Amino acid sequence: MTQAKQKKQERALVIVESPAKSKTIKKILGNNYQIEASYGHIRNLPDNVLGFDAAKGFEPTYVIIPEKKKVVSKLNELAPKFDKIYLASDPDREGEAIAWHVRQVLKVDDNKVFRIEFNEITPKAVKHAIENYRQIDMDKVKAQQTRQILDKLVGYKLSPVLWKQLGNYHLSAGRVQSVALRMICEREEEIENFVPQEYWSIHANLEKEGKIFEAELTKYKGKKVEIKTGDEAEKIKSELLSPEVKYIVEKVTDRQSQRKPTAPFITSTLQREASSKLGFGVSKTMQVAQKLYEGIELGEGAVGLITYMRTDSTRISDDARDAAKEFILKNYGEKYYPEKPNIYQKGKQNVQDAHEAIRPSYPERTPESIKQYLTNDQYRLYKLIWNKFLSSQMAPANIANRTVEISAGDYTLKTGTSKVLFDGFLKLYNDTSYEEDSKAVKIPDLNKDDMLECKEILPKQHFTQPPPRYNEASLVKALEEYGIGRPSTYATIITVIQTRKYVEKVDKALKPTILGRTVSKQLCSQFADIMDYKFTAGMEEKLDKIAEQKLVWNKVLSDFYDPFMKEVNTVMKTAQKIQIESDVVCPNCGRKMLVRTSRFGSQFLGCSGYPECKTILSLGEGGEVKQPGEEVKVEEKCEKCGGEMVLKTGPYGKYIECVECKNRKKYIVSTGVKCPKCGQGEIIEKKSKYGKVFYGCNKYPECDFALWDAPTGDKCPKCGELLVKKTGKNGDKIICSNRKCDYKLEVVPNTDTEQA
């Protein structure tokens, strides 16, 4: 690695991803360095075409993102004024690609542009990076490009299949998002198909010297007891209450065990723990962690508080280990530090081990010492990370376990208790629900051959439970276990499948909508490889091998492209419009209700007898049917009294009304499409003075953009203007909003058009 000796008179430009880092890095490097931001990616594959040619080795064509043209101009204006330019984007595959893209647009000599990376924004890490600059790692860049091309290809080719079959132009498919959706849908099927099995347990309240405690029946004549019916339970109860039955302590087993601390956080485990312990969504966790990494004002300037939050590695640096040891010895004493430092190695071998685990940059900065400078969310997440890291370096906890077996004729009952003898790492962090067993207070000192008195026998009925729905934390765990996606992508995946209305949250759990289940079913039946867990995980491994120079990037793409395109073309030729039949019967005519899609992508039920029968039913949260006239709650609160608002339909359209003070407000129907003219507003449904529906920017009169037809949110592949859904006598079609453009996607038969 080339060693750089910085001369005092040299001036350098450091280009980072986020401007939030600038103050922190500027404070470290001083006045000879100017810090500028690329604001993430500055170039991308073009929106309206694939952006690569399979016949020419898949070489991508990149364009500057329109919003980043000013950024590129500024960087090129500054670059010639400096002796050196350091590309300091994030230390991962995506960051390497961003550095390469920045280098491609900079109009300066190669000999003054260098790549640097640091895992934490501390003086030592940043200065070490400056002294050990390197060239851009093109293998990492090719791996990122391959991932980008794969994602673009799958989304670009599969989404039109869904449009054609389901007549909903808000749908999308994705290489990883669709597999995550499959997992959620399959879990829902497991729950629906689950048949509960009845079983019983029997508990006895026993007494010794005035102290009553509980024991559970476990064996009959030395074999495990399984009680399936209430009659069996009652029979056993009567036998246990027989005067001939004596309750005698048969065996007392005392043993000590150690509980060892677990590794410091990686991205996925942080997301899971923040979800279960703090109630944070995956996206929120990453947003808050980003702020902690980039730097917080602590009254002495901006300070980066944690290491980089996108990592698969449980490794920590020697400096971090030594700092943790010093803090533990000073604040907790020698008994809290293990005989040998704890070393953790993650099972998977494809981790980016140049990274460290997520840890505090300065262990001496305790959560309490900086609490006044942090928001509540920042404090809670920092405390979680700080406690987890310090505990991972501490001594094990010692637990005393006592198990007691009690004979009652031919039956054996068991009870037990646990007690913490030495808390060790538990002093700072408990990664399970373990607590000192409350039974330790209730269970008397029992010895072999003690005679006990039975006070009560309590049979308890139970039923086996289906697997729970995934929540964000458990979905992240499942994705990681299958090797699907990467921790840095989980937040985006979970957000996309909810935004597309494939999944919705019900009591914090992820439940597939009827639309989501239909999309998943169609994709699984037609594109088995793309939706296969092992296939998707295998593709992630191939991306890692490209970065490690073990595979050639365009060979990986070629091997995927040919069979994939053959499959897509076959499906597109034979695909027919499908109707999604629900289990609901029309309340007016008795025919089946079909799942329909509104022009904005929302789902409702319409009678299969349309147009003879025009009955429609709304679908509420979780996909349940809402009967006609039923009020639908909305998230908005009343501006006057703060009461709940409900959506109603009147003779002049929809409106929302407060259930308390009856304050009414016009219901604005948004398409969810950003205005292409001003870039600030959203396109909403409006009515002209003659009552005709049209679509315009909600920033009117500042912006006068308007359309007569509903925008789909997609751009025309020919001219780049918005595509709209045009409804005619012969069916619906997707056309370009630019009248000079003749682009037309397809005709959708009106036999399944929306009824609302």
Side-chain angles (χ1 to χ4, degrees), residues 190-191 194-260 262 396-426 430-468:
E190 285 183 66
I191 294 169
F194 183 81
V195 179
Q197 300 294 320
E198 179 185 11
Y199 70 98
W200 289 73
S201 63
I202 293 180
H203 303 258
N205 283 338
L206 305 174
E207 181 184 11
K208 178 190 176 185
E209 298 174 353
K211 293 183 178 180
I212 297 175
F213 63 97
E214 187 179 280
E216 183 178 355
L217 176 65
T218 57
K219 295 178 183 177
Y220 175 70
K221 292 185 177 181
K223 293 185 178 180
K224 183 181 177 182
V225 171
E226 291 185 0
I227 309 168
K228 297 182 178 179
T229 67
D231 290 341
E232 290 179 44
E234 284 301 318
K235 180 176 179 292
I236 294 171
K237 176 181 177 179
S238 63
E239 291 176 3
L240 288 171
L241 288 174
S242 172
E244 290 81 25
V245 173
K246 306 297 181 186
Y247 289 80
I248 304 168
V249 176
E250 188 176 85
K251 186 179 181 182
V252 178
T253 305
D254 289 312
R255 64 182 180 86
Q256 286 192 25
S257 61
Q258 278 194 342
R259 274 194 63 200
K260 294 182 179 181
T262 52
N398 292 327
I399 314 295
N401 302 290
R402 168 168 283 199
T403 304
V404 181
E405 293 185 9
I406 300 159
S407 66
D410 289 333
Y411 293 97
T412 302
L413 298 94
K414 185 180 283 189
T415 188
T417 183
S418 296
K419 185 177 181 180
V420 176
L421 300 177
F422 172 62
D423 55 1
F425 77 95
L426 293 174
N430 194 347
D431 51 6
T432 70
S433 58
Y434 178 89
E435 292 179 1
E436 187 172 344
D437 198 331
S438 58
K439 292 180 183 178
V441 179
K442 297 177 181 178
I443 296 178
D445 186 17
L446 300 173
N447 300 294
K448 191 177 185 307
D449 299 328
D450 281 352
M451 296 291 294
L452 307 171
E453 182 180 351
C454 180
K455 306 298 289 185
E456 191 177 14
I457 298 295
L458 301 169
K460 296 180 181 179
Q461 185 185 34
H462 309 275
F463 291 92
T464 54
Q465 297 296 311

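Please read these numbers as outputs of a predicted model, since none were measured by experiment.
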When you compare the side chain of [Y] with that of [X], does any pair of heavy atoms fall below 4.5 Å?
| X | Y | answer |
| --- | --- | --- |
| Leu452 | Phe213 | yes |
| Val225 | Ile202 | no |
| Gln258 | Ile399 | no |
| Glu239 | Ile457 | no |
| Lys208 | Asn447 | yes |
| Glu234 | Pro459 | yes |
| Tyr199 | Lys228 | no |
| Lys260 | Phe425 | no |

Could you tell me whether the side chain of [X] and the main chain of [Y] form a donor-acceptor pair under 3.5 Å?
| X | Y | answer |
| --- | --- | --- |
| Tyr247 | Glu207 | no |
| Thr464 | Gln197 | yes |
| Thr415 | Val404 | no |

Stepwise side-chain contact (heavy atoms from CB on, under 4.5 Å) test for Asn430 and Arg259
CA-CA 10 Å; Asn430 194 347; Arg259 274 194 63 200; 3.7 Å; yes
Listing request: all ring-ring contact (aromatic ring centres under 6.0 Å, His included) pairs with a residue in residues 218-241, at least two apart in sequence or in separate chains.
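As it turns out, the ring-ring contact (aromatic ring centres under 6.0 Å, His included) pairs with a partner in residues 218-241, which skip direct neighbours, are Tyr220-Tyr411.
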Would you give the length of the straight line joining atom [atom1] of [X] to atom [atom2] of [Y], rounded to the nearest 0.5 angstrom?
| X | Y | atom1 | atom2 | value |
| --- | --- | --- | --- | --- |
| Lys246 | Cys454 | NZ | SG | 11.5 Å |
| Leu421 | Asn401 | CG | CG | 9.0 Å |
| Ile443 | Glu214 | CD1 | CD | 9.5 Å |

For the side-chain hydrogen bond (donor to acceptor under 3.5 Å, both in side chains) test, which of Glu216, Gln461, His462 pairs with Ser201?
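When Glu216, Gln461, His462 are each tested with Ser201, the side-chain hydrogen bond (donor to acceptor under 3.5 Å, both in side chains) holds only for His462.
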Among Glu453, Lys455, Glu456, find the residue that satisfies the side-chain hydrogen bond (donor to acceptor under 3.5 Å, both in side chains) test when tested with Asn205.
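The passing option is Glu456.
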Go through it in stages, so that I can follow the logic: the residues are Ile406 and Lys414, the test is side-chain contact (heavy atoms from CB on, under 4.5 Å), and I'd like the CA-CA distance, side-chain angles, deciding distance and then a yes or no.
CA-CA 6 Å; Ile406 300 159; Lys414 185 180 283 189; over 6 Å; no
Check this for me: does any side-chain nitrogen of one of Arg402 and Asp445 sit under 4.0 Å from a carboxylate oxygen of the other?
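Salt bridge flag = yes for Asp445 with Arg402.
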Evaluate the side-chain contact (heavy atoms from CB on, under 4.5 Å) criterion for residues Ile227 and Leu217: first the C-alpha distance (whole Å), next the side-chain angles of each, then the deciding distance (0.1 Å), finally the verdict.
CA-CA 10 Å; Ile227 309 168; Leu217 176 65; 4.3 Å; yes
